[in-house]
Protein chains: 2
Amino acid sequence: MTLSRRGTRSDRALRPRERAEKRAVVAVTIRDVARQAEVSVATVSRALSAPDLVRPATRDRVLAVAAELGYQPNRAARSLITGRTGNIGIVVPDLENPFFTGVLKGLQARARQADYAVFVSDSDEDPTAEAMLVRAMAKQVDGIVLAAPALDDDQLYAIAEDTSLVLLNRRLRGISAALMNSAAGMRQVLEHLVALGHRRCGYLHGPRTSWSNRERRRGLRAAATQHGVELVELGPFPPRYEGGLQAADLAVAADVTAIIAYNDIMALGVLARLRDRGIPVPEAVSVTGFDDLVFASLCSPPLTTVAMPLGQAGRLAVDLLLEHIASDRTEISQVDLETQLIVRGTTSTPATN
Amino acid sequence: MTLSRRGTRSDRALRPRERAEKRAVVAVTIRDVARQAEVSVATVSRALSAPDLVRPATRDRVLAVAAELGYQPNRAARSLITGRTGNIGIVVPDLENPFFTGVLKGLQARARQADYAVFVSDSDEDPTAEAMLVRAMAKQVDGIVLAAPALDDDQLYAIAEDTSLVLLNRRLRGISAALMNSAAGMRQVLEHLVALGHRRCGYLHGPRTSWSNRERRRGLRAAATQHGVELVELGPFPPRYEGGLQAADLAVAADVTAIIAYNDIMALGVLARLRDRGIPVPEAVSVTGFDDLVFASLCSPPLTTVAMPLGQAGRLAVDLLLEHIASDRTEISQVDLETQLIVRGTTSTPATN
DNA sequence: TTCACGACAGAAAACCTTTACATCACGGTG
DNA sequence: CACCGTGATGTAAAGGTTTTCTGTCGTGAA
């Protein structure tokens, strides 16, 4: 299957540009630097990692030689003795979901600033795979960020037992977390709809096990009760485009005036399905999403949704993780980031029939 | 700035679930297994990595003990002596571009199958950053995939000199590459437009330095010449939504009947701008994209575009890289993957005025 | 019976770095 | 003048694994 669409396999033996001494790249070690600078290896090591322990004159000489030789410490050797790897890992449910790549982008940038490299894995929304990936990663990172994990509480606690862990969009007592206040975002959504005059709204559930889904529902129900709005719950649906297609028909049948989708991708599916069925948005029914993906503003009509601080959450996750590591795994913090309703073209006053 | 939107920092000292013996996790080493199985460490090592060198009875005993103790080889120690890390790296220009995350997803999955972990870095389309990231990565991976690199040929050759390298969407003599046949895709686009009756088309350039851009233009020009179509070249523009907004006006002013965008994101920008100006698509002007992002089918009208084998390219890149590594860096292959025109709603016969 | 050889397992070196400890010189204090 | 503290550097151990070299044992052939 993989091969089926492959084209011609050409140039099997292209001339490499320079074959000579490719093998001769033996990597310069700390001994080479020591010899050249006429000091011991210990001094070189110190000059690089604890500069104030060595006399300035010596330090400068060592550093000069190191630079000249292009010395790069061998990370394997270093981490063998220090127990630190200089890496962090993140496992996300779906790399094709812009929500997670937004987080990943911020996380990657911050990690780089702190001189950490980042491993990434995609669990395909499968809890079993998630656990496996974490286990595989654990040995070669200083800590792991788990984005919207599907694992249950006990398994997460078990993981936190022997590796530094930060959760993203999942709150669990005793484990650091970067959280986005979805409940507040959903409250804003509902109050927006109430202001427009809606009295019967449908919520399209995301995955039942998802913390975010529970949070969003919680915020929604609280606000609905408070404002005396009838809330029809539908689903759960897969949090994907196809889920939205499927959900749209159910929502229409449930005779609601507004459809509140678990996330933008589902909302886009809903919009597509409604368009196919000739049901005008927002005239016949209002639709809202959640996440504010770039593409939410590009469809027509542009989607009313809730903006999430994705990059910020990614950066925060790194900060929390490094804090946790630096404090010998004793420091725990959970930080809530605020979300923001973005009103666009898919919401208006309900049809008067 | 980072802190500005943070909410309350709570629960500074939540009770960790189980504090006792968190420190006692000392990791079981090969010696422990050896002692328990009453063999030497050498035998344990062999039982795990070269099973046929040890008598079945012994091997089974060792394996049983290893499993019982939950032994996991220390990768740092292993790579210290073998020189292999078991990691590969990929650097992409933009993690928020679905094109690259599509590739990343496939790449990650394949790497996992082969028991490799993957480092990811985002260069933010900056060649300098790109070079830096590669250098930083080089020491801790067995090979690197460079997606649509912005670096110039010489720098790429320099990198290939001392690390295994696979390029994605960039062809360079003597370096392995996974390529998508954009030229053929663009030929299909133009022939589609010709068939509809278009005779004067505008091409919106992507970044001038981009190999993909040159390829697309090449395919387009060849087909245009062959079919006697007038091709107006505009740009370059940034390959983003904003670039499309900007390009749309220029294309309209150039009085073409069809706008061929460098990629989908730009095409979406074009569509948005045309909508704002009240220019109907495809009645007044046809528009095409390139990449077939999920969202290309969700806008209205849905975008005519060219599908790229993203996941396949990611998997292929891993295969090429591992092949290159396994062959002692002597094997070079360049593989072209086919692209596919997807006709949707943004193309039709030209306006007859 | 002896010898050669193969199959198996152990001992030890090697990979490169960090760091605890030792050494040394020097200046100050009692 | 003896002693001590301090700052700068060197020595060597340690970290966990792979791999080469060596040794042992048993088997089959001469």
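Predicted model, so just to flag it, every value in this text is computed and none were measured.
A:Asp60 places its CG atom 13 Å from the P atom of D:dA8, with the value rounded to the nearest Å. C:dT19 atom P lies 10 Å from atom CZ of A:Arg84, rounded to whole Å. As rounded to whole Å, 5 Å separates atom P of C:dT18 from atom CD1 of A:Ile30. Atom CZ of A:Arg35 is separated from atom C1' of D:dG10 by 16 Å (rounded to the nearest Å). Rounded to whole Å, the distance from CD1 on B:Ile81 to P on C:dT17 is 15 Å. Summarising the geometry, the separation between CD on A:Gln72 and P on C:dC16 is reported as 15 Å, rounded to the nearest angstrom. Atom NZ of B:Lys139 is separated from atom P of C:dC16 by 12 Å (rounded to the nearest Å). Rounded to whole Å, the distance from CG on B:Asp32 to C1' on D:dG16 is 11 Å.
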What are the atom names and distances for every N/O pair under 3.5 Å that joins the protein to nucleotides 6-12 of chain C?
residue : atom : partner : partner atom : Å
C:dA9   : OP1  : B:Thr58 : OG1          : 2.4
C:dA9   : OP2  : B:Arg55 : N            : 3.1
C:dG10  : OP2  : B:Ser40 : N            : 2.8
C:dG10  : OP2  : B:Ser40 : OG           : 3.0
C:dG10  : OP2  : B:Thr43 : OG1          : 2.7
C:dG10  : N7   : B:Arg46 : NH2          : 2.9
C:dG10  : O6   : B:Arg46 : NH1          : 3.2

Could you walk me through whether A:Leu172 and A:Tyr157 pass the side-chain contact (heavy atoms from CB on, under 4.5 Å) check?
CA-CA 9 Å; A:Leu172 215 49; A:Tyr157 279 126; 3.8 Å; yes

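Note on A:Tyr71: a side-chain N or O is less than 4.0 Å away from OP1 or OP2 of C:dT17.
Across all strands shown, B:Thr82 has heavy atoms under 4.0 Å from sugar-phosphate atoms exclusively, and none from any base.
For the pair B:Lys139/A:Asn74, no side-chain contact is recorded, criterion being any heavy-atom separation below 4.5 Å from C-beta on. A:Thr58 is listed as a side-chain neighbour of A:Val39, based on a closest heavy-atom distance under 4.5 Å.
Inspection of the A:His324 and A:Ser164 side chains reveals an N or O donor paired with an N or O acceptor under 3.5 Å.
With rounding to the nearest 0.5 Å, the separation of CG in B:Leu322 from CD1 in B:Ile88 is 6.0 Å.
Out of D:dT19, D:dG16, C:dT18, the shortest distance to the side chain of A:Leu80 is found at D:dG16. Listed candidates were D:dT18, D:dG15, C:dC16. Nearest to the side chain of A:Asn74 is C:dC16.
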